[in-house]
Amino acid sequence: MPSGDYDPETVEAKWQDRWVEANRYAYNGDAADPDTAFSIDSPPPTVSGSLHWGHVYGFTLQDFVARFNRMRGEDVYFPFGYDDNGIASERLAEDELGVRHQEYGRREFQEMTREVCDRYEAEFTEKMQRLGISIDWEQTYQTISPEVTRVSQLSFVDLYDQGREYRQRAPAIWCPECETAISQVETEDDEQPSHFHDIAFSIAGREETFTISTTRPELLPACVAVFVHPDDDENQYLVGERAEVPLFGQDVPIIEDDRVDMETGSGIVMCCTFGDQTDIEWYQAHDLDLRIAIDESGTLTEVAGEYEELSADEAGEAIVEDLDETGALLDRWEITHTVNVHERCGTGVEFLVKEQWYVELLDKTDEYLAAGREMDWYPDKMFTRYRNWIEGLQWDWAISRQRSSGIPFPVWYCDACDEVVVADKADLPVDPLVDDPPVGTCPECGHDEFVPEDDVFDTWATSSLTPLINAGWDWDEGAEEFTFENPELYQFDLRPQGHDIISFWLFHTVVKCYEHTGEVPFDSVMINGMVLDENREKMSKSKGNVVDPDEVVSEFPVDAARYWAAGSAVGDDLPYSEKGLRAGEKLLQKLWNASKLVESLTAEAPAPDAVDHHDLTELDRWLLASLDREIERLTGWFESREFSKARDELRGFFWHTFCDDYLEIAKQRIRAGGDGDAAADSAAYTLQLAHRRFLKLFSPTLAHVTEELWHDMHGEESVHTSGWPDPLGIDADFAAGETAMAVVGALRKYKSEDQLPMNEPLDRVDVWGDISGFEADISGVMHVEELNALRTRPEVESVVTGVDLDYSLVGPEFGSQVPDIEAGIEAGEYEVVDGVLHAAGAELNADMFEIEKERQYTGDGEMIESDDAVVIVHREA
RNA sequence: GGGCUCGUGGUCUAGUGGUAAUGACGCUUCCCUUACAAGGAAGAGGUCGGCGGUUCGAACCCGCCCGAGCCCA
């Protein structure tokens with residue numbers, strides 16, 4: 001039985017422990033029917049640090065959906081993954097241990113990374129459980145595990161068999177610090193200080209020179225062309241000539257191209273293989289030479305002549321000095337500009353020509369767009385981002401990485417002819433560095449020596465398989481086909497994630513799963529916004545505005561944080577807000593206190609099956625019928641993931657209609673009635689029933705307090721599996737109920753304004769308005785000695801104060817005449833004849849306007865007017 | 001630089017063409033009413049980011065600008 005103040009600290013921890021111990025949220029799995037299984041595929045958090053607000057927010061929203069669907073009888077599959085196979089986890093290990101991966105052997109460093117990740121993963125588990133997220137803790141996976149490795153390698157083999165993967169020497173984005181190729185999406189922009197250089201190039205075969213501007217003089221040895229903009233009249237004479245590169249002497253063409261930025265420097269630029277993306281485009285478009293001057297580690301190659309072996313920075317300085325000496329350096333000044341850096345280490349990226357594996361995307365973008373369109377998007381508007389991303393795609397997807405840790409390519413190459421040998425599906429997972437290829441001799445040339453591929457997959461190549469991992473996708477050797485261990489889970493009902501990862505994570509997942517199964521992996525995606533600080537700005541360590549969820553959860557109830565998380569439209573960014581948490585805390589208290597009162601009033605409540613709903617009092621039926629309407633609305637909001645509407649609506653109904661209006665009356669009635677009093681029994685029954693239903697309705701959001709109250713008061717196992725309430729289908733006179741509540745409100749206001757205590761008796765109250773069946777309840781709660789229903793409206797003196805137009809009718813009918821009509825009314829130049837208003841030459845019929853009157857009551861007592869009723873209070877002086 | 005999104009009383013939020021703009025937090029005044037003073041009643045507080053346009057009528061539609069967020073260059 002609830003007593004005293006609510007103690008969330010004890011209560012929440014208790015239920016979190018019990019839920020985990022009892023496997024409360026375990027997926028049953030016996031329903032093999034996809035219609036009764038509700039499956040969720042969350043992107044597994046990258047193991048690169050601790051839990052942050054983004055996790056708390058995202059998982060809390062998912063939990064609302066999970067709990068709601070569990071209440072509706074679905075067998076909810078809510079697994080949890082740890083994404084620990086990528087560069088991010090290696091970085092974590094390096095930072096945590098203060099080491100660099102190059103200092104260790106591959107195996108050794110992998111083990112070090114595993115140890116660090118294990119610690120972080122245990123912490124993650126603990127914290128997720130402390131948030132009360134209803135995850136099935138028997139369904140967890142790590143993306144580095146052998147099982148997932150098998151799935152990931154199967155995916156590679158399948159796509160290779162389908163001809164959707166290819167290996168090519170092509171310009172790749174390269175991080176010289178991490179010494180790996182990275183994808184376009186792993187780079188970001190950074191403002192960095194640099195220098196601009198004006199360098200004199202000579203026109204081949206002439207004495208004449210011209211000026212190019214560059215920030216990267218170390219790339220002079222890689223220069224393969226010079227470009228001029230077609231609109232650049234001043235320099236047009238150069239086009240078609242050839243230029244001689246200073247110091248290095250190569251002879252390169254001068255070409256026109258509209259990708260030249262005329263505003264920067266001299267407007268003439270050199271093209272090097274490769275300095276940036278545009279260089280690559282030019283290289284491909286104009287079939288230029290390839291001169292690789294910088295290698296994998298950022299060191300100059302033999303192409304750079306005497307500068308070979310220098311680092312790019314050193315070479316840059318040396319070249320500038322030498323240019324200066326020969327007089328070719330015309331100018332040099334400091335600038336800051338944006339450079340492309342690797343998001344994990346902040347090092348400026350290079351472009352190298354390497355053998356890399358690619359997944360082909362560009363040929364099927366239309367299909368992938370259609371696949372995205374098949375999913376339900378919450379909110380709808382986020383589909384635009386998916387579409388824009390696909391429409392802007394320029395590159396196929398580079399999936400090879402040169403790292404210590406990660407999932408290896410199941411591939412060997414013939415040492416003689418370079419033929420690709422792929423592992424047999426039955427043998428997966430394999431590590432080509434350890435395992436032998438599936439053939440003894442090359443099927444192409446018969447050679448018997450093989451070179452293992454030592455690259456590993458891009459982390460997204462695996463992260464994009466989570467629906468397949470979760471549904472137990474595997475190759476059946478006997479049947480020679482791919483199968484699912486739990487086919488009922490696929491397609492997944494819900495994909496929850498942030499809007500920041502639509503373009504790569506979601507997109508890649510759709511692509512991969514679609515190619516493997518021919519089906520779109522998700523029925524619906526729910527896109528959440530970012531958590532900002534209290535001033536609506538991004539939380540970042542450098543700004544120092546990061547709020548640690550741990551500290552907040554130790555200070556506030558988890559349910560309060562859940563209340564906050566339901567506080568804005570899904571997809572919009574949500575500012576962290578202590579006020580929001582406090583509001584949540586207050587609601588918990590209110591729910592607790594109201595429950596205590598309900599408990600004390602319902603000790604003598606009749607058994608549920610002893611009551612016929614037709615026998616309940618008018619007010620009780622009104623409350624239950626109103627709750628019916630509430631349930632229907634709430635169900636709709638949950639289905640459309642409009643949690644903030646559900647939250648605010650339920651809170652308002654509970655607090656005001658139930659607590660302020662109904663509960664006060666029921667309390668009065670039960671305490672006034674004796675044993676066997678029918679009206680008291682009716683109230684007790686209604687209170688108990690309504691209270692059960694409120695707990696169910698609150699349970700997806702306020703998961704802990706509802707569980708505690710349910711356990712205490714209704715004694716059954718768990719509110720979270722107690723079933724979502726269906727409307728009872730009770731009839732009630734809503735109009736009379738609302739009028740009755742308005743009368744109570746009017747009397748409360750009267751007492752308040754006259755500074756009377758609420759339990760001050762009133763001698764006599766006359767009411768004009770429909771309150772039939774509610775008289776006794778009104779009298780009881782407002783302590784009215786004599787309540788009279790008037791048959792006629794009380795006599796009042798009316799003064800016309802204005803005319804209220806219904807613009808939705810007047811506007812379309814009279815259009816531009818409206819201002820004239822308004823002016824006429826304003827000036828008093830109008831008259832009403834037979835219900836028709838004449839003004840400014842127009843005739844408005846009765847439903848287009850209403851005459852506003854101010855009423856004055858001249859009879860005995862004091863008149864209070866409310867929406868649907870007139871109330872007159874008589875009191876002895 | 002481009003795309004998408006958001007911008008509503010001090011703070012957060014509802015509201016996508018019909019005219020006194022929703023609710024919460026905070027604030028002011030009053031009330032100990034035996035569930036709750038972390039409560040109840042009443043009240044103050046808004047040029048709906050800015051400017052222009054469309055319309056009889058705009059928070060809502062269009063254009064430009066400003067600020068914030070995400071993604072991309």
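In what follows, every chain begins at residue 1, and chains take the letters A, B, ... in the order their sequences are listed.
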Novice: Report the residues that fulfil ring-ring contact (aromatic ring centres under 6.0 Å, His included) with A:Phe227, sequence neighbours left out, ordered by chain and then residue number.
Specialist: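 Partners of A:Phe227 by the ring-ring contact (aromatic ring centres under 6.0 Å, His included) criterion, ordered by chain and then number, come out as A:Trp282, A:His286.
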
Novice: Pairs under 3.5 angstrom, nitrogen or oxygen only, protein versus nucleotides 7-9 of chain B, please.
Specialist:
none

Novice: Given that both distances must come in under 3.5 Å, which nucleotide forms a Watson-Crick or G-U wobble pair with B:rA44?
Specialist: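 WC or wobble partner does not exist here.
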
Novice: Mind checking what makes side-chain hydrogen bond (donor to acceptor under 3.5 Å, both in side chains) contact with A:His714, not counting sequence neighbours?
Specialist: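 Testing A:His714 for side-chain hydrogen bond (donor to acceptor under 3.5 Å, both in side chains), a comparison that skips the adjacent residues, returns A:His691.
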
Novice: Take atom NZ of A:Lys538 and atom C1' of B:rG69, then tell me their distance rounded to the nearest Å.
Specialist: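 So the two atoms are 9 Å apart, to the nearest Å.
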
Novice: Go through the side-chain N and O atoms of A:Glu822 and A:Tyr807 and say whether any donor and acceptor fall under 3.5 Å apart.
Specialist: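 Yes - a donor-acceptor pair under 3.5 Å links their side chains.
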
Novice: How far does the C1' atom of B:rG18 sit from the matching atom of B:rC4, given to the nearest Å?
Specialist: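 Roughly 31 Å separates the two C1' atoms.
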
Novice: Taking only the P atom of each, what is the distance from B:rA20 to B:rC25 in whole angstrom?
Specialist: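 Comparing P positions in B:rA20 and B:rC25 gives a spacing of 27 Å.
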
Novice: Exactly one of A:Asp754, A:Asp661, A:Asp660 should register a salt bridge (charged side-chain N to carboxylate O under 4.0 Å, His left out) with A:Arg748. Which one does?
Specialist: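 Of all the options given, the one that passes is A:Asp661.
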
Novice: In this structure, how many angstroms lie between the C1' atom of B:rC12 and the CZ atom of A:Arg651, rounded?
Specialist: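 From A:Arg651 CZ to B:rC12 C1': 13 Å.
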
Novice: Starting at the 5' end of nucleotides 28-39 of chain B, put B wherever the base has a protein heavy atom under 4.0 Å, S where only the sugar-phosphate does, and a dash everywhere else.
Specialist: --S--B-BB-BS

Novice: Under 4.0 Å: is that the gap between some side-chain N or O of A:Arg387 and OP1 or OP2 of B:rC71?
Specialist: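 No.
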
Novice: Between B:rG10 and B:rA44, how far is it from one P atom to the other, in whole Å?
Specialist: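 Roughly 16 Å separates the two P atoms.
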
Novice: Is the distance between the ring centroids of A:Phe694 and A:Phe658 under 6.0 Å?
Specialist: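 Yes, they do, as the ring centres are separated by less than 6.0 Å.
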
Novice: Which is true for A:Gly745 with a 4.0 Å heavy-atom rule: it touches a base, it touches only sugar-phosphate, or it touches nothing?
Specialist: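 Counting heavy atoms under 4.0 Å across all strands, no contact is made by A:Gly745.
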
Novice: Scan side-chain atoms only and decide if A:Asp559 and A:His704 contain a donor-acceptor pair under the 3.5 Å cut-off.
Specialist: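 Per modelled atom types, A:Asp559 and A:His704 side chains form a pair under 3.5 Å.
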
Novice: Given the C1' atoms of B:rG9 and B:rU22, what is the spacing between them in whole Å?
Specialist: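 Pairwise C1' distance, B:rG9 against B:rU22, rounds to 12 Å.
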
Novice: Considering only atom P, compute the distance from B:rG57 to B:rC64 and round it to an integer number of Å.
Specialist: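 Between the two P atoms, the distance is 23 Å.
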
Novice: Looking only at side-chain N and O atoms, does A:Tyr6 offer a donor or acceptor that is under 3.5 Å from a partner on A:Asn593?
Specialist: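 A:Asn593 vs A:Tyr6: no donor-acceptor pair found between side chains.
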
Novice: If you measure from the P atom in B:rU5 to the same atom in B:rC61, how many Å do you get, rounded?
Specialist: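 11 Å, rounded to whole Å.
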
Novice: Please list, by residue number, the residues of residues 804-813 of chain A whose heavy atoms come closer than 4.0 Å to an atom of RNA chain B; answer none if no residue qualifies.
Specialist: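 Within this stretch, A:Tyr807, A:Ser808, A:Gly811, A:Pro812 sit under 4.0 Å of the strand.
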
Novice: Using atom CE of A:Met782 as one end and atom C1' of B:rG40 as the other, report the distance to the nearest whole Å.
Specialist: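 Going from CE in A:Met782 over to C1' in B:rG40 covers 10 Å.
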
Novice: Each nucleotide in nucleotides 44-49 of chain B should get exactly one letter: B, S or -. Can you fill that in based on protein heavy atoms under 4.0 Å?
Specialist: ------

Novice: Please pick, from B:rC72, B:rU13, B:rG3, the nucleotide with the shortest atom-to-atom distance to any side-chain atom of A:Asn388.
Specialist: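 Among the listed nucleotides, the one closest to the side chain of A:Asn388 is B:rG3.
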
Novice: Considering only atom C1', compute the distance from B:rC48 to B:rC12 and round it to an integer number of Å.
Specialist: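 Between the two C1' atoms, the distance is 15 Å.
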
Novice: With both distances under 3.5 Å as the test, what is the Watson-Crick or G-U wobble partner of B:rG1?
Specialist: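 Partner of B:rG1: B:rC72.
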
Novice: Which whole-number value in Å describes the distance from A:Leu532 CG to B:rA68 P?
Specialist: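 Checked: the CG to P distance equals 12 Å.
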
Novice: Determine which nucleotide pairs with B:rG39, using a 3.5 Å limit on both distances of a Watson-Crick or G-U wobble pair.
Specialist: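 Because both required distances fall under 3.5 Å, B:rG39 counts as paired with B:rC31.
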
Novice: Answer yes if the ring centres of A:Phe643 and A:Trp637 are under 6.0 angstrom apart, and no otherwise.
Specialist: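 Here the rings of A:Trp637 and A:Phe643 have centres that are no less than 6.0 Å from each other.
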
Novice: Looking at residues at least two apart in the chain, or sitting in another chain, which of them share a ring-ring contact (aromatic ring centres under 6.0 Å, His included) with A:His711?
Specialist: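 Partners of A:His711 by the ring-ring contact (aromatic ring centres under 6.0 Å, His included) criterion, ordered by chain and then number, come out as A:Trp15.
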
Novice: Once side-chain contact (heavy atoms from CB on, under 4.5 Å) is applied, do any residues pair with A:Gln497, and if so which ones, sequence neighbours excluded?
Specialist: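 By the side-chain contact (heavy atoms from CB on, under 4.5 Å) rule, A:Gln497 matches A:Pro43, A:Arg495, A:Ile501, A:Ile502, A:Leu506, A:Ile527.
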
Novice: Please name the nucleotide paired to B:rC25 by Watson-Crick or G-U wobble geometry with both distances under 3.5 Å, or report none.
Specialist: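 For B:rC25, the partner nucleotide comes out as B:rG10, under the 3.5 Å rule.
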
Novice: Pick the P atom in B:rG7 and in B:rA59, then give their distance to the nearest Å.
Specialist: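 Nearest-Å result for B:rG7 against B:rA59 at atom P: 15 Å.
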
Novice: Could you list the residues that satisfy side-chain contact (heavy atoms from CB on, under 4.5 Å) with A:Ser48, not counting sequence neighbours?
Specialist: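 With sequence neighbours excluded, A:Ser48 shows a side-chain contact (heavy atoms from CB on, under 4.5 Å) to A:Thr46, A:Ala88, given in chain and number order.
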
Novice: Could I get the full list of ring-ring contact (aromatic ring centres under 6.0 Å, His included) partners for A:Trp377, not counting sequence neighbours?
Specialist: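 A:Trp377 satisfies ring-ring contact (aromatic ring centres under 6.0 Å, His included) with A:Phe383, A:Tyr386 once adjacent residues are dropped.
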
Novice: Would you indicate, yes or no, if B:rU13 has its OP1 or OP2 atom less than 4.0 angstrom from a side-chain nitrogen or oxygen of A:Lys579?
Specialist: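 Answer is no, no contact under 4.0 Å.
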
Novice: In whole angstroms, how far is the C1' atom of B:rC71 from the CZ atom of A:Phe507?
Specialist: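 After rounding, the gap between these two atoms is 14 Å.
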
Novice: Nearest whole angstrom, please: distance from the P of B:rA41 to the NZ of A:Lys751.
Specialist: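 Result: 14 Å.
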
Novice: What's the CD-C1' distance between A:Glu649 and B:rA14, to the nearest Å?
Specialist: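 Nearest whole value for this atom pair: 11 Å.
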
Novice: Who are the ring-ring contact (aromatic ring centres under 6.0 Å, His included) partners of A:Phe274, not counting sequence neighbours?
Specialist: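 ring-ring contact (aromatic ring centres under 6.0 Å, His included) check on A:Phe274 returns A:Tyr283.
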
Novice: Sort out the partner of B:rU16 for me: Watson-Crick or G-U wobble, both distances under 3.5 Å, none otherwise.
Specialist: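 Checking every strand shown, B:rU16 finds no partner, since no pair has both distances under 3.5 Å.
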
Novice: Between A:Asp396 and A:Leu362, is there a donor-acceptor pair closer than 3.5 Å when you use the side chain of the first and the backbone of the second?
Specialist: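 Yes; judged by distance alone, with no hydrogens or angles, the pair exists.
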
Novice: Taking A:Glu578's backbone N and O only, do any of them form a donor-acceptor pair with A:Glu534's side chain (distance below 3.5 Å, no angle check)?
Specialist: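 Checking the backbone N and O of A:Glu578 against the side chain of A:Glu534, a donor-acceptor pair under 3.5 Å is found.
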
Novice: Closest nucleotide of RNA chain B for A:Leu574 versus for A:Met530: which of these residues is on the 5' side?
Specialist: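 Nearest nucleotide further toward 5': that of A:Leu574.
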
Novice: Ignoring hydrogens and angles, write down the donor-acceptor pairs under 3.5 Å from the side chains of residues 813-821 of chain A, residues two or more places apart or on other chains.
Specialist:
none

Novice: Under 4.0 angstrom, heavy atoms only, what part of the nucleic acid is A:Gly652 near: base, sugar-phosphate, or nothing?
Specialist: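 Answer is nothing: A:Gly652 stays at 4.0 Å or more from every strand.
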
Novice: Can you tell me the base-pairing partner of B:rC61? Count Watson-Crick or G-U wobble geometry only, both distances below 3.5 Å, and say none if there is no partner.
Specialist: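 Because both required distances fall under 3.5 Å, B:rC61 counts as paired with B:rG53.
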
Novice: Taking atom P of B:rG18 as reference, at what distance in whole Å does atom CD of A:Glu822 sit?
Specialist: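 The distance from CD of A:Glu822 to P of B:rG18 comes to 16 Å, rounded to the nearest Å.
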
